[in-house]
There are 2 protein chains.
Amino acid sequence: MSRLQTQAVETMVGENGLKMTPQRRIIVEYLQSAVNHPTADEVFNAVNEKFPMTSRATVYNTLNWLKGNGLVCEVFEGGVVRYDPNTSNHHHFVCRKCGKVEDVGAELVGAFQLEQAVSLLGSQKVENFEITIRGLCAACHVIDS
Amino acid sequence: MSRLQTQAVETMVGENGLKMTPQRRIIVEYLQSAVNHPTADEVFNAVNEKFPMTSRATVYNTLNWLKGNGLVCEVFEGGVVRYDPNTSNHHHFVCRKCGKVEDVGAELVGAFQLEQAVSLLGSQKVENFEITIRGLCAACHVIDS
DNA sequence: TTGATTGCAAACGGTTTGCATGGGA
DNA sequence: TCCCATGCAAACCGTTTGCAATCAA
């Protein structure tokens, strides 16, 4: 379970002659604290509450930069790009009603392993896999019943 | 393994007072013949080769109409929406190099079943799941090695 | 005939880009 | 000081919408 680390960001900055700006700091902090998987727009809004006048361009720049360095990963759900500060191997649960995306730890999915994915296929080279489980989240399930 | 059927489309049309236009026919034919998972733009281009002057609006209308009636399903890969004429329960293999999306039959994935997905989670209501396997497709694997 | 469907073009929403200004190192 | 990063606005791209003309039933 490796989450976006402040130190990893600092290291990345130090090694490449890049700069640690207040905007970047706040975007990283927000992603670290996010329990869900925020969209770029949610990041933009959250960051602007703490640091008004941060532009969308900066938010997108920073998200792309983090992504390019493997510090966050993108997930597409419901036609929306979301950012996931959890970069370890894991899976997702998506609520079909509220659209929430929850993490499912890879350690829980013992039944399906990479070797099995490999054996399913022929001449392809399998590198990794992810499972997306769909249904109703706890909250929506209660409302529904 | 249920693929988009001409008859299912005709039935859908007949039951709802809708019309079977040449454009719709060609879009359906193209999707049926597609081995990969075409994007809206690929559908647009393919259709225009056979039936010039078909507008993007019509392509999008038709795709959304097929989707709304469960005759095709959407998959998001690499930030692009793709249309899949295979509506049966199945999984995907995505090539990280060329971006190709291949189907993996659900019958092949014996190791991970819905009951297991359910048992992984707590108060959520699990309805279905899909597995996305990533790596290099046969063609790219050959080039790479 | 009639209303669903089409083509066109404009609108839309999310993301990127160009450029002058500003601010870390 | 240097040049990376920012804010702004315009551009961009995929998709949707409004509307008058068209055409399948």
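Below, read A as the first sequence line, B as the second, and so on, with proteins coming before strands; counting in each chain starts at 1. All values derive from a computational prediction rather than experimental measurement.
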Q: Mind checking ring-ring contact (aromatic ring centres under 6.0 Å, His included) for A:H90 and listing every partner two or more places apart, or none if nothing turns up?
A: A:H92
**Q.** Axial bend angle, the helix from C:dT1-D:dA25 to C:dA25-D:dT1: five-pair end segments, nearest 10°
**A.** 30°
Q) What's the OH-P distance between A:Y60 and C:dG18, to the nearest Å? A) 18 Å
Q) Partners of A:N61 by side-chain contact (heavy atoms from CB on, under 4.5 Å), sequence neighbours excluded? A) none
Q) In whole angstrom, what separates A:L63's CG from D:dA5's C1'? A) 15 Å
Q. Under a 4.5 Å cut-off applied to non-hydrogen side-chain atoms, are B:R3 and B:P85 in contact?
A. yes
**Q.** salt bridge (Lys or Arg N to Asp or Glu O under 4.0 Å) contacts in which one or both residues fall within residues 50-75 of chain A, not counting sequence neighbours
**A.** A:D41-A:R56, A:K67-A:E74
Q. Is the distance from OP1 or OP2 of C:dT15 to the nearest side-chain N or O of A:N64 less than 4.0 Å?
A. no
(Q) Taking side-chain contact (heavy atoms from CB on, under 4.5 Å) as the definition, give me every residue that meets it alongside B:E130, ordered by chain and number, with sequence neighbours left out. (A) A:T132, A:R134, B:H91
Q. Under the side-chain contact (heavy atoms from CB on, under 4.5 Å) test, which residues partner B:T87, sequence neighbours left out?
A. B:S2
Q: Would you mind telling me which residue lines up with the more 5' stretch of DNA chain C, A:V13 or A:V81, judged by nearest nucleotide?
A: A:V81
**Q.** Protein proximity profile, nucleotides 3-10 of chain C - base contact B, sugar-phosphate-only contact S, no contact -, cut-off 4.0 Å on heavy atoms
**A.** BBSSBB--
Q | Under 4.5 Å side-chain linkage, directly or through intermediates, the cluster mates of A:V101 | A | A:V94
Q) Under a 4.0 Å heavy-atom cut-off, which of residues 25-47 of chain B touch DNA chain D? A) B:A40
Cut-off 3.5 Å, no hydrogens considered: what does the side-chain donor-acceptor table look like for residues 12-28 of chain B, sequence neighbours left out?
from	atom 1	to	atom 2	distance (Å)
B:T21	OG1	B:R24	N	3.2
B:R24	NH1	B:K19	O	3.0

Q: Give me the other members of the hydrophobic cluster that A:V80 sits in, counting Ile, Leu, Val, Met, Phe, Trp and Tyr linked by side-chain heavy atoms under 4.5 Å, directly or via other members.
A: none
Q | For B:K97, side-chain contact (heavy atoms from CB on, under 4.5 Å) partners two or more places apart | A | B:C95, B:L136, B:C140, B:I143, B:D144
